[in-house]
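Before I ask anything, let me first share the structure, which is written out below as structure tokens.
In what follows, chains are A, B, ... by sequence order, proteins preceding strands, each numbered from 1.
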Amino acid sequence: MPELPEVETFKRYIEARSLLRSIAEVEVRNPTVLGPMEPEELRRRVGGAMFLSARRHGKQLFLELSSGGWLTWHFGMTGEPVLFSNGDVPRFPRVLFRFADETLAFDDPRMLGRIGWTPTVEEFVRRKRLGPDALAITSKEFVDRFGRARGALKPALMDQHRMAGMGNIYSDEVLFQSRLDPRTGADSLDRGELEAVHRVMRRVLRMSIARGTDFSRFPRTYLLHHRRKGASCPGCGGTTETVTLGGRTTYYCPACQRPRAGGVEGRT
DNA sequence: TTTCATGTTCAGCA
DNA sequence: GTGCTGAACATGAA
């Protein structure tokens, strides 16, 4: 689930009903998601405390603790927060934060997500060397950072050190709507072209958040509805293709997304 | 049974 | 330091 729009939606979900409520108990069912942190440390920091506020940077969520510092939540590939009462218990609750009458679960089947603690958000962002948030980055900084990238544009968009928040699906979508082959060299684009990619990225991310990241409510012209082998391009009806970039399967339309002079594929 | 998956990290190599 | 590749992590779904 989680790229920037999903995490922003998770943030709003938690803000709506999980702030300023006393956490009576913390139950750690799978210590794996705590990484190096001992369950005892989590219980000590969170037990009896409450979440005061939430912040987001890229795909990372931060929950301010009344006991000091912030809980850091990263959802990996399949994580999501689920607030539930007696009824519908989620299927893969790895850590449970129990309020008086409801429970907030860190639900994550694959357990690639992580919960940690940091004294300040800034210190965490610095330590992980995260780039500016994809919805906060200015056009000028975007041009500056991507104009200096030496490799292909797609992996550069997904590089959390360059800019935080873009993942595999939204990167493909932005490139499709920008009509750029994913292998295009980032530094082969001029200022105007990079500014255009920045505008497309903002439009895609904001649209997704506005629709609650529900793909079924996205425009039918979006490529993400067609992430299957041999699917047809929503633009020209042709057949889409895949290529592996940055270790990830990349969907694109060879007819709509033109390779251009200066592309990475032609280099020696 | 095999393959793939909205992510991150690390080792190894150019 | 930059960039690329492959593997590991852990498990469900097709």
### Query
For the residue pair A/Tyr170 and A/Phe218, does the interplanar ring angle fall in the parallel (under 30°), tilted (30 to 60°) or perpendicular (over 60°) class?
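Ring orientation, 0 to 90° scale: tilted.
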Quiz item: With the threshold set at 4.0 Å, does a side-chain nitrogen-carboxylate oxygen contact exist between A/Asp144 and A/Lys140?
Solution: no
Among C/dG3, B/dG7, C/dC4, the one nearest A/Pro155 by side-chain distance:
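Selected nucleotide: C/dC4.
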So CG of A/Leu63 and CD1 of A/Ile14: to nearest 0.5 Å the spacing works out to 5.0 Å
With the side chain counted from C-beta on, respond yes when A/Lys154 and A/Asp172 share a heavy-atom pair under 4.5 Å apart, and no when they do not. yes
Can you check whether A/Arg211's main-chain N or O pairs, donor with acceptor, with A/Arg217's side chain at less than 3.5 Å?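 Yes: the side chain of A/Arg217 pairs with the backbone of A/Arg211.
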- Item | Whole angstrom value for the distance that separates P of B/dT9 from CE of A/Met158 |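 To the nearest whole Å, that distance equals 14 Å.
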Rounded to whole Å, NZ of A/Lys154 lies from C1' of C/dC4 at a distance of 15 Å
Closer than 4.0 angstrom, basic N to acidic O: yes or no for A/Arg55 and A/Glu122?
yes
Annotated structure of DNA chain C as dot-bracket, pair cut-off 3.5 Å, Watson-Crick or G-U only, | for inter-strand, is .||||||||.||||
| task | Using a strict cut-off of less than 4.0 Å between a Lys/Arg side-chain nitrogen and an Asp/Glu carboxylate oxygen, indicate whether A/Glu40 and A/Arg43 qualify as a salt bridge. | result |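 Salt bridge present between A/Glu40 and A/Arg43.
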- Between B/dT6 atom P and A/Ile169 atom CD1, what is the distance in whole Å?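 Going from CD1 in A/Ile169 over to P in B/dT6 covers 6 Å.
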Report task. Nearest whole angstrom, please: distance from the P of C/dT11 to the CZ of A/Arg94. Result ->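 Taking CZ of A/Arg94 and P of C/dT11, I get 6 Å after rounding.
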Requested in this report: Between C/dG3 and B/dT6, how far apart are the C1' atoms? Round to whole Å, please.
Outcome: 23 Å
Next item on the list: Would you kindly check whether a donor in the side chain of A/Arg110 faces an acceptor in the base of B/dA5, or vice versa, at under 3.5 angstrom?
Entry: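 Between B/dA5 and A/Arg110, which were checked side chain against base, a qualifying N/O pair under 3.5 Å is present.
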Hey, does the side chain of A/Lys59 come within less than 4.0 Å of B/dG7's phosphate (OP1/OP2), counting only N and O?
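Checking A/Lys59 against B/dG7: at least one side-chain N or O falls below 4.0 Å of OP1 or OP2.
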note: A/Asp172, atom CG; B/dG7, atom P; distance rounded to Å ~ 10 Å
Next item on the list: Please check the phosphate of C/dG3 (OP1 and OP2 only) for any side-chain N or O of A/Arg162 closer than 4.0 Å.
Entry: yes
Sugar-phosphate only, base, or nothing, as touched by A/Gly167 at under 4.0 Å among non-hydrogen atoms: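 Result for A/Gly167 = sugar-phosphate.
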Any base atoms under 4.0 Å from A/Pro109, or only sugar-phosphate, or nothing? Heavy atoms, all strands.
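Contact class for A/Pro109: sugar-phosphate only.
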Less than 4.5 Å apart, side chain to side chain, heavy atoms only: is that true for A/Leu19 and A/Phe51?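 Of all side-chain heavy-atom pairs linking A/Phe51 with A/Leu19, at least one is under 4.5 Å.
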Next item on the list: Write down the distance between CG (A/Asp108) and C1' (C/dT11), rounded to a whole number of angstrom.
Entry: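 After rounding, the gap between these two atoms is 10 Å.
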Ranking C/dG3, B/dG7, B/dA5 by distance to the side chain of A/Glu3, first place goes to B/dG7
Checklist entry - Expressed in angstrom and rounded to an integer, what is the separation of A/Met77 atom CE from B/dG7 atom C1'? => result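 For the pair A/Met77 CE and B/dG7 C1', the rounded distance is 5 Å.
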Please confirm whether the shortest side-chain N or O distance from A/His74 to OP1 or OP2 of B/dG7 is below 4.0 Å.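 A/His74 to B/dG7 OP1/OP2: no side-chain N or O under 4.0 Å.
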In whole angstroms, the gap separating C1' of C/dA13 from CZ of A/Arg227 amounts to 17 Å
(message) Categorize A/Thr78 for me: base, sugar-phosphate, or nothing, with a 4.0 angstrom heavy-atom threshold over every strand shown.
(response) nothing
Report task. Indicate, with a heavy-atom threshold strictly under 4.0 Å, whether A/Arg114 touches base, sugar-phosphate, or nothing. Result ->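 Contact class for A/Arg114: none.
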| If only atom types and distance count, is the side chain of A/Asn168 paired as donor or acceptor with the main-chain N or O of A/Thr249 below 3.5 Å? | yes
Result for 5'-nearest mapping on DNA chain C, choosing between A/Leu112 and A/Ala156, is A/Ala156
Plane angle bin for A/Trp73 and A/Phe106 - parallel if under 30°, tilted between 30 and 60°, otherwise perpendicular
perpendicular
Among C/dT2, B/dT8, C/dA10, the one nearest any side-chain atom of A/Thr32 is C/dA10
Answer yes or no: is there a donor N or O on one side and an acceptor on the other, between the side chain of A/Ser208 and the main chain of A/Val204, under 3.5 Å?
no
### Query
Which nucleotide in the set C/dT11, C/dG3, C/dA13 lies at the smallest distance from any side-chain heavy atom of A/Arg91?
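In terms of side-chain proximity for A/Arg91, the closest of C/dT11, C/dG3, C/dA13 is C/dA13.
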Residues in residues 121-140 of chain A with a heavy atom under 4.0 Å of DNA chain B, by number, are A/Lys128
(Q) At 4.0 Å (heavy atoms only), tell me whether A/Phe92 reaches a base, stays on the sugar-phosphate, or touches nothing. (A) sugar-phosphate
